[in-house]
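The structure displayed is predicted, hence computed values, not measured ones. Atoms within each ligand, like the ligands themselves, are counted from 1 in listed order. Sequence positions, counted from 1, serve as the residue numbers for this chain.
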Amino acid sequence: MPRKGAVSAPTEVSPVVTRPMQRSEDPEAAFHARIGAENLGALWVGRRGVDLARPGTPARPAVWRYGDVRPRLMEAGGLIGAEDAFRRVLVLQNPGFGGAMRATQTLYAGIQIVLPGEIAPCHRHSQTAIRFVIEGNGALTTVDGAATAMAPGDMVVTPQWSWHDHRNEGGEPAIWLDILDTPLIDALDTVFRETHPETLQPLTRTGAESGPAANRRAGPARAALDRLARETPPDPCLGWRFRYDDPGPTMAAFLQRLPVGFDGAPRRATDGAVYCVVEGEGATETGDGAFEWRVKDVFVVPGWCRHRHVSGGGAVLFGVSDLAVQERLGLWRERRSGGGES
Ligand code: 1HN
């Protein structure tokens, strides 16, 4: 006996004729159709078949290989200037979001290229940006009147609502990973943006080369990670992880070392993360398949995705996640397992 409300298969008559008749004869289906037109929906129907015990992000584990992306960046460089594009970026679109500009549920990620002599004009917005330099010396980013040189392995933070522009005064392409909290800020309907009246803002102060900004340089960050590795045993899931000082209210940034012969234990955490491989190679295994990565590749581990890293020769990863906002809201969770798939 079919349950009330279940749609039975049409038999001999044409479905074109049958379906409307069945709907009007079925009081529950008729009810849903009627209230839908009144902008109402039945919760018990909307939740049917949905696992309410855990989050279900559409984000998928994904990897972008630098060997594939770099030629596309160079092609883009021949198609449009940095100033015309405003930001010449290839966006890393997680395949789970059907072409939307999302790497994870809350993070946007893209790879930006500024060719020698080019300028990316000044603007500001309510999102926070974290940049991690992949290649090229000679680019400068100016944030609220202070210019900062960008060298490979450096992390630069553009705080929310701070004026910023980029220029490349060197002789080689400057390429970096941009990670912004755009999907999160957008979900709050709080994205604002303003263009500066000048292409490059005036330099009004010298760069803050002490405090957090200094520790975001490749050298000091690496020294801090190496010190951790000398002084503490590796975490079975993470290896050694150095957390950068305060990159803003929503995101956390890490430099992480997987030791030689690493055969990581499985872990899941609610913060979805974007990683850039700084050194070495390895692989990440997830319930959705495994992928290999090598230096300069970028990969995503979505929130609450059970995964483990392996690396024969050891590796260094740079990572950004939405951990900071989850901590502030008291939502962050982690599970290290063995069993228990929930
Ligand atoms: C932005 O301001 C930059 O300043 C890069 O380099 C990417 C993506 C979305 C919104 C703002 C930049 C961006 C962005």
Side-chain angles (χ1 to χ4, degrees), residues 64 69 72-73 76-77 79-94 97 99-136 138-152 154-170 173-201 203 207 213 216 247-251 253 274 276 298 300 318 320 322 325:
W64 291 264
V69 175
R72 297 291 176 256
L73 288 165
L79 285 175
I80 189 165
E83 199 167 332
D84 288 334
F86 214 83
R87 295 295 185 263
R88 195 203 285 114
V89 178
L90 293 182
V91 179
L92 305 180
Q93 300 182 163
N94 188 296
F97 291 106
M101 293 192 175
R102 285 181 183 212
T104 72
Q105 184 70 262
T106 59
L107 300 179
Y108 155 102
I111 303 186
Q112 179 159 182
I113 178 166
V114 183
L115 294 171
E118 284 190 324
I119 285 170
C122 191
H123 71 166
R124 63 179 172 180
H125 40 67
S126 48
Q127 306 100 298
T128 302
I130 293 179
R131 309 181 202 285
F132 186 74
V133 184
I134 297 175
E135 68 167 275
L140 294 154
T141 184
T142 302
V143 177
D144 273 345
T148 305
M150 298 172 89
D154 288 348
M155 177 181 106
V156 178
V157 176
T158 309
Q160 51 193 166
W161 211 240
S162 55
W163 291 113
H164 56 283
D165 50 69
H166 320 303
R167 65 200 137 105
N168 185 350
E169 295 187 341
I175 301 178
W176 62 78
L177 173 67
D178 288 313
I179 300 170
L180 286 85
D181 52 8
T182 302
L184 176 67
I185 303 308
D186 200 27
L188 300 171
D189 270 343
T190 50
V191 173
F192 289 86
R193 187 195 142 109
E194 192 177 3
T195 303
H196 197 278
E198 294 166 275
T199 310
L200 292 175
Q201 66 189 295
L203 299 176
R216 293 173 187 152
T250 56
M251 294 182 283
V274 180
C276 180
V298 177
V300 162
F318 172 80
V320 169
D322 55 0
V325 66

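Not close to ligand 1: Met101, with no non-hydrogen atom less than 4.0 angstrom away. Not close to ligand 1: Arg193, with no non-hydrogen atom less than 4.0 angstrom away.
Residue, atom and distance of the protein heavy atom nearest to atom 7 (C) of ligand 1 are Tyr108 OH, 3.7 Å. Remark: minimum distance from atom 1 (C) of ligand 1 to any protein heavy atom is reached at His125 NE2, 3.6 Å. From the protein, the heavy atom lying nearest to atom 6 (O) of ligand 1 is His166 NE2, 2.6 Å.
Geometric assessment of Arg87 against the ring of Tyr108 yields a negative cation-pi assignment under the 6.0 Å and 45° thresholds.
Within the 3.5 Å criterion, the main-chain N or O of Leu184 finds no donor-acceptor partner in the side chain of Thr106. Using modelled atom types, one side-chain atom of Thr190 and one backbone atom of Ile185 make a donor-acceptor pair closer than 3.5 Å. Of the possible polar contacts, none joining the Asp154 side chain to the Val133 backbone as a donor-acceptor pair under 3.5 Å is found.
Considering Asp178, Thr158, Leu180 only, the shortest heavy-atom separation from atom 13 (C) of ligand 1 involves Leu180. Of the candidates Arg87, Gln112, Arg88, His123, His123 brings a heavy atom nearest to atom 2 (O) of ligand 1.
Residues that satisfy the ring-ring contact (aromatic ring centres under 6.0 Å, His included) test with Phe132, not counting sequence neighbours, are Phe318. In this structure Gln201 satisfies the side-chain contact (heavy atoms from CB on, under 4.5 Å) test together with Cys122, Thr142, Trp163, Asp165, His196, sequence neighbours excluded.
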